[in-house]
Amino acid sequence: MAYKMIVLDLDDTLLRDDHTISPLTKKALMDAQESGVKVVLASGRPTYAMLDIAKELHLDEYGSFILSFNGAKIINYKTKEELFSSTLSPETVHRLYDLSSKEDVGIHTYVGDTIVTQKNNKFTEIEGQITGLPINEVSNFKEAITTPVVKVLMVDNPEKLALVEKKLQRELNGILSVMRSKPYFLEFTEAGVTKGTSLSQLIKKLGIEREEVIAFGDSYNDLAMLEFAGLGVAMGNAPDDIKEKADYVTDTNMNDGIPKALEKFILTPAH
């Protein structure tokens with residue numbers, strides 16, 4: 001199979017634990033692009049927090065794309081044109097705030113290029129560090145959210161959030177997409193919006209078949225994308241239940257899992 005697109009989650013997949021790309025990984029991705037393969041970034045991160053990585057991989061030169069906010073936005077990185085956008089109404093965000101209060105977990109969202117929360121906490125601080133976005137601590141969350149937002153996060157320790165996730169997936173089934181991106185981040189987007197559904201839209205526009213796509217991920221918000229792609233590759237650091245559903249398991253994000261898989265499936269010289 002000749003793959004035409006490589007789709008990459010960022011945190012704990014493309015990026016090492018210090019949020020950098022290893023030289024070996026970067027070279028493999030540049031070689032793939034040189035050979036005509038599209039490299040697409042797909043993350044739960046806001047668009048702003050993906051731009052430096054897109055720039056480092058020269059995605060503008062090769063005319064590639066960014067799927068941000070778990071697929072709720074698709075951006076042509078070269079032209080900055082927005083190909084797709086999905087949002088949550090202020091009323092929906094207010095309902096999620098009420099649910100977060102009921103479950104006693106933290107909550108934040110994005111307004112412009114800021115993270116908005118009513119009560120800052122260590123998990124929202126982590127989001128600030130990952131994204132590089134400033135945190136705006138407001139006195140009244142509902143009053144601060146008056147226009148649609150792309151996604152909302154509830155945050156707390158992993159054990160508690162796992163219970164909240166199960167409960168809210170039942171309660172919001174068919175109303176919102178509910179999934180964890182990290183053990184302490186529970187993400188909410190419009191119903192049916194996942195990295196998988198956005199990837200499906202993107203390849204349709206580009207005339208690429210799903211069998212021609214190889215996708216890499218490590219977490220639950222990557223699952224739809226891994227299952228949709230012709231070849232879904234789980235990182236060695238992914239939870240066991242993600243690995244079980246992937247087509248192939250590669251090495252960890254700290255041990256060049258991406259180039260090792262690309263060497264096997266894409267960059268192998270023809271014999």
Side-chain angles (χ1 to χ4, degrees), residues 10-11 42-50 67-74 82 84-195 197-198 219-224:
L10 298 189
D11 297 294
S43 175
R45 290 185 180 207
T47 311
Y48 171 86
M50 299 174 68
L67 276 60
S68 55
F69 295 104
N70 274 333
K73 278 191 189 293
I74 305 176
E82 202 172 271
F84 171 74
S85 180
S86 156
T87 56
L88 304 176
S89 69
E91 294 74 23
T92 300
V93 180
H94 297 170
R95 181 182 176 189
L96 287 170
Y97 176 79
D98 290 340
L99 287 168
S100 75
S101 299
K102 185 178 167 190
E103 300 297 336
D104 191 29
V105 295
I107 188 169
H108 66 246
T109 189
Y110 311 90
V111 175
D113 287 332
T114 65
I115 299 167
V116 174
T117 187
Q118 189 168 303
K119 189 177 179 187
N120 201 1
N121 58 78
K122 67 179 180 180
F123 303 110
T124 298
E125 288 286 348
I126 290 169
E127 176 78 343
Q129 290 160 15
I130 290 171
T131 61
L133 296 175
I135 296 166
N136 178 17
E137 195 169 354
V138 296
S139 56
N140 188 306
F141 188 81
K142 288 185 177 180
E143 285 180 9
I145 308 303
T146 57
T147 55
V149 304
V150 181
K151 76 169 184 176
V152 169
L153 280 82
M154 289 187 194
V155 296
D156 210 296
N157 69 66
E159 297 76 20
K160 184 172 184 180
L161 215 54
L163 299 174
V164 173
E165 176 184 24
K166 284 196 176 78
K167 191 173 177 182
L168 295 188
Q169 277 180 337
R170 284 194 301 270
E171 190 167 333
L172 299 170
N173 183 37
I175 302 168
L176 295 173
S177 283
V178 182
M179 66 199 112
R180 271 192 295 168
S181 56
K182 283 183 176 287
Y184 41 79
F185 287 162
L186 181 60
E187 311 213 356
F188 300 82
T189 52
E190 195 178 8
V193 172
T194 66
K195 292 183 184 183
T197 55
S198 283
S219 195
Y220 299 96
N221 64 325
D222 299 316
L223 194 52

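All of these numbers come straight from a predicted model, not from anything done at the bench. Quick note: residue numbers are just sequence positions, from 1.
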May I have the list of side-chain donor-acceptor pairs in residues 146-156 shorter than 3.5 Å, sequence neighbours left out?
residue, atom, partner, partner atom, Å
Lys151, NZ, Gly44, O, 2.3
Lys151, NZ, Glu187, OE1, 2.4
Lys151, NZ, Glu187, OE2, 3.2

Measure the spacing between CZ of Phe141 and NE2 of His94 and express it to the nearest 0.5 Å.
8.0 Å
Pairs flagged by side-chain hydrogen bond (donor to acceptor under 3.5 Å, both in side chains) wherever residues 162-174 is involved - sequence neighbours left out
Glu103-Lys167, Glu165-Arg180
Lys73 and side-chain hydrogen bond (donor to acceptor under 3.5 Å, both in side chains): which partner among Ser85, Ser68, Ser198, Ser86?
Ser85
Within-4.5 Å side-chain heavy-atom neighbours: Asn136 and Val111:
no
Criterion side-chain contact (heavy atoms from CB on, under 4.5 Å) on Val164 and Leu186, from CA distance to verdict:
CA-CA 9 Å; Val164 173; Leu186 181 60; 4.1 Å; yes
Atom pair CD1 (Ile135) and CD1 (Ile115), whose distance is rounded to the nearest 0.5 Å
5.0 Å
How about Tyr48: does its OH atom have over 12 heavy atoms from other parts shown lying under 6.0 Å from it?
no
Just by distance, do the side chain of Lys160 and the backbone of Asp104 share a donor-acceptor pair under 3.5 Å?
yes
Any non-hydrogen side-chain atom of Leu176 less than 4.5 Å from a side-chain atom of Leu88?
yes
Test side-chain contact (heavy atoms from CB on, under 4.5 Å), reference Leu96, set Leu172, Leu168, Ile145, output is Leu172
Could you tell me which residues satisfy side-chain hydrogen bond (donor to acceptor under 3.5 Å, both in side chains) with Tyr97, sequence neighbours excluded, listed by chain and number?
Gln118
Closest non-hydrogen contact found for Val193 with Met179 is O-CE, 3.9 Å
Are side-chain N/O atoms of Asn121 and Thr124 paired as donor and acceptor at under 3.5 Å?
yes
Could you check whether any side-chain heavy atom of Ile130 comes within less than 4.5 Å of a side-chain heavy atom of Lys182, counting everything from C-beta outward?
yes
Please name the pair of heavy atoms, one in Ile175 and one in Arg95, separated by the smallest distance, quoted to 0.1 Å.
CD1-NH1, 3.9 Å
Report yes if the distance between the aromatic ring centroids of Phe69 and Tyr110 is under 6.0 Å, otherwise no.
yes
Quick one: does Thr197's side chain have a donor or acceptor within less than 3.5 Å of a partner on Thr194's backbone?
yes
Spatial distance of atom CD (Glu137) from atom CG (Asn120) [nearest 0.5 Å]:
5.0 Å
Point-to-point distance, once rounded to the nearest 0.5 Å, from CG of Asn70 to OG1 of Thr189
6.0 Å
Any ring-ring contact (aromatic ring centres under 6.0 Å, His included) pairs touching residues 115-139, not counting sequence neighbours?
Phe123-Tyr184
So which atom in Ser181 and which in Ser219 form the shortest heavy-atom distance, rounded to 0.1 Å?
O-OG, 2.9 Å
Does any N or O in the side chain of Ser177 come within less than 3.5 Å of the main-chain N or O of Ala191, such that one atom is a donor and the other an acceptor?
no
Please list all pairs meeting salt bridge (Lys or Arg N to Asp or Glu O under 4.0 Å) that have one or both residues in residues 119-130, counting only residues at least two apart or in different chains.
none
For Phe185, which residues count as a ring-ring contact (aromatic ring centres under 6.0 Å, His included) partner, sequence neighbours excluded?
none
Of all heavy-atom pairs linking Arg45 and Ser43, the shortest is N-OG, 2.9 Å
What are the two closest non-hydrogen atoms of Pro46 and Thr131, and how far apart are they?
CD-CG2, 3.6 Å
